Amino acid sequence: MPPQHPTPPSNPGAPGPVDFSVDLTAQEVLRRAQVMAALGPDWDPIEVLRGEEAAYDLLYSGLDAEQQRIYDGLVEAGVLAPRGDGHAAA
């Protein structure tokens with residue numbers, strides 16, 4: 001399959017390729033600073049993770065036999081991560 005943009009034929013009088021680079025370091029630092037400012041000083045990433053784990057525990061709790069079978073199948077297929085002993089919480 002031919003390339004989408006084949007290399008043009010060389011022309012001895014034409015200028016060669018131009019080195020083009022963009023340093024986005026300053027923009028990335030600014031973006032990260034703005035994200036942290038938006039999160040605020042009270043943001044606790046560990047507490048956020050604990051809350052997510054508690055939500056997943058609640059989501060997969062109290063499953064009936066058919067739901068548990070489907071859950072186990074999804075864990076076995078690698079779609080869901082195993083929780084605790086590999087079964088949904090009771």
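Values in this document were obtained by computation on a predicted structure and should not be read as measured data.
- L58 is not listed as a side-chain neighbour of Y60, based on a closest heavy-atom distance of 4.5 Å or more.
- In terms of heavy-atom proximity, V75 sits nearest to A81 at CG2-O, 4.2 Å.
- More than 12 heavy atoms of other shown residues, nucleotides or ligands fall within 6.0 angstrom of atom CD in Q67.
- The hydrophobic clustering, which links ILVMFWY residues whose side-chain heavy atoms are closer than 4.5 Å, places L24 and F20 together.
- Annotation: the span from L63 atom CG to D72 atom CG amounts to 9.0 Å, rounded to 0.5 Å.
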With a 3.5 Å cut-off and sequence neighbours excluded, list the donor-acceptor pairs that the side chains of residues 35-54 form with protein atoms.
residue: D44; atom: OD1; partner: I46; partner atom: N; Å: 3.3
residue: E53; atom: OE1; partner: R83; partner atom: NH2; Å: 2.8

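- Expressed to the nearest 0.5 Å, how far CG of L80 lies from CG of L59 amounts to 9.0 Å.
- Under 3.5 Å, the side chains of Q68 and D64 contain no donor-acceptor pair of N or O atoms.
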